[in-house]
Amino acid sequence: KRRLQLRGVEWVRDAVVRRVWPNRVEVEIFERSPVAFIRVAEGASGDFNNPVKFRPMLIDPEGVILPLQGAVPQSLPLLTGVRDQDDVEARRQQVVLMLHVLRALGQHKSQIVEVDVSRPQEIHVGCVVGNQTFVLNLGADQFLERVELFLKQYESMHDQLDSRKEYDLTNEGRILAIDPETSPGTARR
């Protein structure tokens with residue numbers, strides 16, 4: 001009964017409660033570890049340009065949404081495409097996808113500040129290069145190869161790149177600049 005009560009606490013992933021004879025009780029707590037920030041819609045903002053007000057929250061590897069508390073690691077990426085009204089299993093699968101993308105990016109994962117998993121066949125990331133954040137469409141595979149292509153080309157093209165555009169890297173060896181206003185389904189930015 002006590003274990004179930006402890007598991008009901010937001011930041012507790014699991015707990016072990018055991019009685020040690022003759023007169024002791026041991027409690028072991030396993031805390032949840034956030035892996036990303038998410039934005040949860042909080043209501044109308046009253047601003048015509050940004051009609052929805054969001055509040056930042058955290059999400060763990062199991063898809064459990066956690067409130068911000070205390071010092072939050074600044075190295076966590078923003079995970080978009082996750083909705084708090086989705087069931088925990090759907091959110092868990094989206095977190096697993098994000099973690100897969102970040103693992104695949106290896107040494108470049110520290111440059112990734114956002115991962116959009118709203119369309120699993122078209123993963124978008126926000127990648128910081130040269131003090132600018134670029135939105136890159138990585139598709140559904142070859143994440144490392146595509147980011148490395150962009151980084152290699154960045155050196156020769158950095159004066160021509162516009163951080164307001166989205167860069168599609170899914171056309172093997174080519175980088176296509178897309179205006180987000182004209183791109184289908186990119187009203188999210």
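Bear in mind the structure is a predicted one, so any value in this text is a computation, not a measurement.
- Side-chain contact between Phe54 and Val40: absent, with no pair of heavy atoms (C-beta onward) separated by less than 4.5 Å.
- Residue Val96 belongs to no hydrophobic cluster, having no ILVMFWY side-chain heavy atom closer than 4.5 Å to its own.
- Connection of Leu78 to Leu76 is established within a shared hydrophobic cluster, with ILVMFWY side chains joined at heavy-atom distances below 4.5 Å, either directly or through further cluster members.
- The pair Arg3-Asp14 meets the salt-bridge criterion, since a charged nitrogen lies less than 4.0 angstrom from a carboxylate oxygen.
- Linking ILVMFWY side-chain heavy atoms closer than 4.5 Å, directly or via other members, places Leu151 and Leu176 in two distinct hydrophobic clusters.
- Of the possible donor and acceptor atoms, none in the side chain of Tyr154 sits under 3.5 Å from a partner among the backbone N and O of Leu161.
- Arg39 places none of its side-chain heavy atoms less than 4.5 Å from the side chain of Pro56.
- Heavy-atom neighbours of Asp159 CG from other residues, nucleotides or ligands within 6.0 Å: above the threshold of 12.
- With respect to the salt-bridge test (charged N to carboxylate O, under 4.0 angstrom), the residues Glu28 and Arg18 qualify.
- Around atom CD of Glu89, more than 12 heavy atoms belonging to other residues, nucleotides or ligands sit under 6.0 Å away.
- Every residue two or more places apart in sequence or in another chain that forms a side chain to side chain contact (heavy atoms under 4.5 Å, CB included) with Leu149 is listed here: Gln153, Ile175.
- Between the side chain of Arg55 and the backbone N or O of Glu42 there is no donor-acceptor pair closer than 3.5 Å.
- By the rule that hydrophobic residues join a cluster once side-chain heavy atoms approach within less than 4.5 Å of another member, Val147 and Met157 end up as members of one cluster.
- A cation-pi arrangement, defined by a distance under 6.0 Å to the six-membered ring centre and an angle within 45 degrees of its axis, is absent between Arg24 and Trp21.
- Rounded to the nearest 0.5 Å, atoms CG (Leu58) and CG (Leu66) are 6.0 Å apart.
- Gln107 is linked by a side chain to side chain contact (heavy atoms under 4.5 Å, CB included) to Glu148, counting only residues two or more places apart in sequence or in another chain.
- In the hydrophobic clustering, where aliphatic and aromatic side chains (Ile, Leu, Val, Met, Phe, Trp, Tyr) are joined below 4.5 Å either directly or transitively, Val113 groups with Val128.
- Going from atom CG of Leu169 over to atom CD1 of Ile123 covers 13.0 Å, rounded to the nearest 0.5 Å.
- Residues that satisfy the ring pair (Phe, Tyr, Trp, His ring centres under 6.0 Å) test with Phe37, not counting sequence neighbours, are absent from this structure.
- With hydrogens and angles left out, the side-chain atoms of Arg91 and Gln94 include no donor and acceptor closer than 3.5 Å.
- Every residue two or more places apart in sequence or in another chain that forms a side chain to side chain contact (heavy atoms under 4.5 Å, CB included) with Ser163 is listed here: Gln132, Phe134.
- Checked against side-chain hydrogen bond (donor to acceptor under 3.5 Å, both in side chains), Asn137 has no partners two or more places apart in sequence or in another chain.
- Grouping the Ile, Leu, Val, Met, Phe, Trp and Tyr side chains by contacts below 4.5 angstrom, directly or via other members, places Leu144 apart from Val135.
- Through chains of ILVMFWY side-chain contacts below 4.5 Å, Ile29 is grouped with Leu6, Val9, Val12, Val17, Val25, Val27.
- In this structure, the separation between CD on Gln93 and CE on Met98 is 14.5 Å, given to the nearest 0.5 Å.
- With hydrogens and angles disregarded, a donor-acceptor distance shorter than 3.5 Å links the side chain of His124 to the backbone of Glu122.
- Evaluation of the side-chain hydrogen bond (donor to acceptor under 3.5 Å, both in side chains) rule for Asn171 yields no partner, not counting sequence neighbours.
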Practice prompt. Please report the C-alpha distance between Asp168 and Arg174 in whole Å, then the side-chain angles of each, then the deciding distance to 0.1 Å, and finally whether the salt bridge (charged side-chain N to carboxylate O under 4.0 Å, His left out) criterion is met.
Written response: CA-CA 8 Å; Asp168 186 346; Arg174 297 179 56 197; over 6 Å; no
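- Taking SG from Cys127 and CZ from Arg146, the interatomic distance works out to 14.5 Å, rounded to the nearest 0.5 Å.
- For the pair Arg164 and Asp179, the salt-bridge criterion is not met [side-chain N within less than 4.0 Å of a carboxylate O].
- Evaluation of the side-chain hydrogen bond (donor to acceptor under 3.5 Å, both in side chains) rule for Asp86 yields Arg83 as partners, not counting sequence neighbours.
- Side-chain contact between Trp11 and Pro34 is present, with heavy atoms from C-beta onward closer than 4.5 Å.
- For the side-chain hydrogen bond (donor to acceptor under 3.5 Å, both in side chains) test, residues two or more places apart in sequence or in another chain that qualify with Gln111 are His108.
- Remark: Phe150 CZ to Leu136 CG distance equals 5.0 Å, nearest 0.5 Å.
- Within the structure, every pair that satisfies the salt bridge (Lys or Arg N to Asp or Glu O under 4.0 Å) test and touches residues 58-70, not counting sequence neighbours, is listed here: Arg32-Asp60, Arg32-Glu62.
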